[in-house]
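Below: the structure, in structure tokens.
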Amino acid sequence: MKYKKIGDILILDKQYPNQDYKELSTKHKVKTIMEIDHIQGTKREPVYKILYGNETETINKENGCLFKLDLSKVMWSKGNNNERLRIAKQVTDNETIIDMFAGIGYFSIPIGVHANPKKVISIEINPNSYHFLCENIKLNKITNITPVLGDCMQITPKYKADRIIMGYVKTTHHYLKTAINSLNKGGILHYHETVPEKLMKTRPIERIISQANNREVELIKINKIKKYAPGVEHVVIDARIY
């Protein structure tokens, strides 16, 4: 019986047995209970069903950060909370960072709260996610994040960065060349991929090297986030590009 609580909304797994939802809402102290079937498209929009209540906007607290979001319009991945803080703790003073798939600020907000970068350029293609990205910058009183609405394939080349975060899976490898071209010499890439376990130590780094235009690639770490599907892992590759 799986569920997750996001702010004051409860998300039930599709296999969760039928319940007295009013009683369940009292037990978990939530205003709304939802079932999210899946996330679709490049804009990462949820396909959902409301089981109890009607309010889908909430504020979720995580790692000392506040995230306002509407779960009928944007996604929230609870399993990535350790990764979001891990990246923030790696950021050194005065870095320029590009967050290529920023969403509502999953990585940008913890960086703004817990680190001291010179600037974070947070790019998001979904207008709903962009709206909440802007809201969350204000909510957390952050002054060094620049939100940009648009396709990161077109926008990333306008900037140069010391660190680039590619916090998206499935088609992320199509954006590698664009990311690497915008990375300063010696800069760090955080590249997310879903990969069969048997290819975990080879395919992601090979994909980075193939798009590096003969630049030297140093593998720093392969970080396992979670199991994505049977035999498939969600991993993050930390790589330095010279």
Side-chain angles (χ1 to χ4, degrees), residues 4-11 29-32 34 36 39-46 48 53 55-152 155-156 158-159 161-169 172 190 192 225 236:
K4 54 187 175 184
K5 188 176 176 183
I6 300 169
D8 51 6
I9 296 175
L10 196 68
I11 306 293
K29 298 178 182 174
V30 296
K31 62 185 179 185
T32 303
M34 300 174 68
I36 295 179
I39 304 296
Q40 65 179 8
T42 56
K43 293 184 180 179
R44 296 174 285 179
E45 296 170 315
Y48 68 95
E55 290 184 56
T56 54
E57 187 171 299
T58 189
I59 294 177
N60 192 50
K61 296 178 182 178
E62 179 187 274
N63 296 325
C65 305
L66 299 174
F67 294 92
K68 185 189 283 189
L69 71 161
D70 186 331
L71 287 162
S72 71
K73 296 176 180 176
V74 302
M75 62 167 280
W76 178 265
S77 181
K78 206 170 176 69
N80 295 354
N81 60 338
N82 291 334
E83 177 65 13
R84 293 190 270 264
L85 188 59
R86 183 184 81 90
I87 296 300
K89 287 183 172 179
Q90 288 193 38
V91 173
T92 57
D93 288 357
N94 294 315
E95 283 187 8
T96 296
I97 299 164
I98 298 174
D99 186 359
M100 285 181 70
F101 307 91
I104 63 169
Y106 311 105
F107 289 98
S108 296
I109 297 299
I111 289 170
V113 169
H114 295 293
N116 185 33
K118 181 180 180 181
K119 187 196 302 185
V120 182
I121 298 116
S122 304
I123 307 166
E124 175 53 40
I125 196 170
N126 182 334
N128 289 318
S129 296
Y130 174 79
H131 165 76
F132 287 107
L133 170 63
C134 295
E135 288 287 299
N136 291 329
I137 292 167
K138 288 186 280 188
L139 193 61
N140 290 277
K141 299 180 173 65
I142 300 169
T143 58
N144 52 4
I145 296 178
T146 302
V148 183
L149 176 62
D151 185 344
C152 59
I155 292 166
T156 302
K158 297 177 182 179
Y159 300 95
D162 306 303
R163 185 182 302 270
I164 294 182
I165 301 162
M166 305 181 75
Y168 179 57
V169 293
T172 326
H190 301 287
H192 288 237
I225 304 297
V236 179

Check: Which pairs pass ring pair (Phe, Tyr, Trp, His ring centres under 6.0 Å) with one or both residues in residues 108-136, sequence neighbours excluded?
Finding: none

Notebook entry, point to check: Quick one: OG1 on T156 to CD1 on I123, what's the gap to the nearest 0.5 Å?
Noted result: 3.5 Å

Notebook entry, point to check: Sub-3.5 Å donor-acceptor pair from the side chain of N140 to the main-chain atoms of C65, do we have one?
Noted result: no

Next item on the list: With sequence neighbours left out, write down each residue that passes side chain to side chain donor-acceptor pair (under 3.5 Å) with D162, or none if nothing qualifies.
Entry: N184

Margin query: Using every non-hydrogen atom in the two residues, find where N60 and G7 come nearest and quote the distance to one decimal.
Written below: OD1-N, 2.9 Å

Notebook entry, point to check: Which pairs pass salt bridge (charged side-chain N to carboxylate O under 4.0 Å, His left out) with one or both residues in residues 126-151, sequence neighbours excluded?
Noted result: K68-E135, E135-K138

Checklist line | By salt bridge (Lys or Arg N to Asp or Glu O under 4.0 Å) - contacts of E55 (at least two apart) | finding: K31

Checklist line | Point-to-point distance, once rounded to the nearest 0.5 Å, from CD1 of I98 to CE of M166 | finding: 10.5 Å

Next item on the list: Would you indicate whether the side-chain heavy atoms of L149 and I155 approach each other to under 4.5 Å?
Entry: no

Margin query: Quick check: closest heavy atoms across D8 and K29, and the distance to 0.1 Å?
Written below: CB-O, 4.3 Å

Item checked: Counterpart residues, side chain to side chain donor-acceptor pair (under 3.5 Å), relative to S72 (two or more places apart) -> T56, D70

Check: Taking all non-hydrogen atoms of both residues, which atom of I145 and which atom of S122 are closest, and how far apart?
Finding: CG2-OG, 3.3 Å

Next item on the list: Under the ring pair (Phe, Tyr, Trp, His ring centres under 6.0 Å) rule, collect the residues that match up with F101, sequence neighbours excluded.
Entry: Y168, Y175

Check: How long is the gap from CD on E83 to NE2 on H190, to the nearest 0.5 Å?
Finding: 8.0 Å

Notebook entry, point to check: Sequence neighbours excluded, which residues qualify as side-chain contact (heavy atoms from CB on, under 4.5 Å) partners of I11?
Noted result: K4, I6, I9, M34, I36, L71

Checklist line | Within-4.5 Å side-chain heavy-atom neighbours: P110 and N63 | finding: no

Next item on the list: Kindly indicate whether the side chain of T58, heavy atoms from C-beta on, has any atom under 4.5 Å from the side chain of L69.
Entry: yes

Note to self: How long is the straight-line distance from CE of M100 back to CD1 of I165, given to the nearest 0.5 Å?
What the structure shows: 11.0 Å

Item checked: Test side-chain contact (heavy atoms from CB on, under 4.5 Å) applied to K119 - qualifying residues, sequence neighbours left out -> I121, T146

Next item on the list: Measure the spacing between CD1 of I225 and CG of N81 and express it to the nearest 0.5 Å.
Entry: 10.0 Å

Note to self: Main chain of G53, side chain of T32: is a donor-acceptor contact present, judged purely on distance under 3.5 Å?
What the structure shows: no

Next item on the list: For N116, check side chain to side chain donor-acceptor pair (under 3.5 Å) against everything at least two apart and list the hits.
Entry: none

Checklist line | V113 to G64 - nearest heavy-atom pair and separation | finding: CG1-O, 4.0 Å

Item checked: Pairs where residues 90-106 contributes a residue and the test salt bridge (charged side-chain N to carboxylate O under 4.0 Å, His left out) is met, not counting sequence neighbours -> E95-R163

Notebook entry, point to check: Out of curiosity, N144 CG to I142 CD1, how far, rounded to the nearest 0.5 Å?
Noted result: 7.0 Å

Next item on the list: With side chain to side chain contact (heavy atoms under 4.5 Å, CB included) as the test, would you mind laying out the steps for Y159 and V148 before giving the verdict?
Entry: CA-CA 12 Å; Y159 300 95; V148 183; 4.1 Å; yes

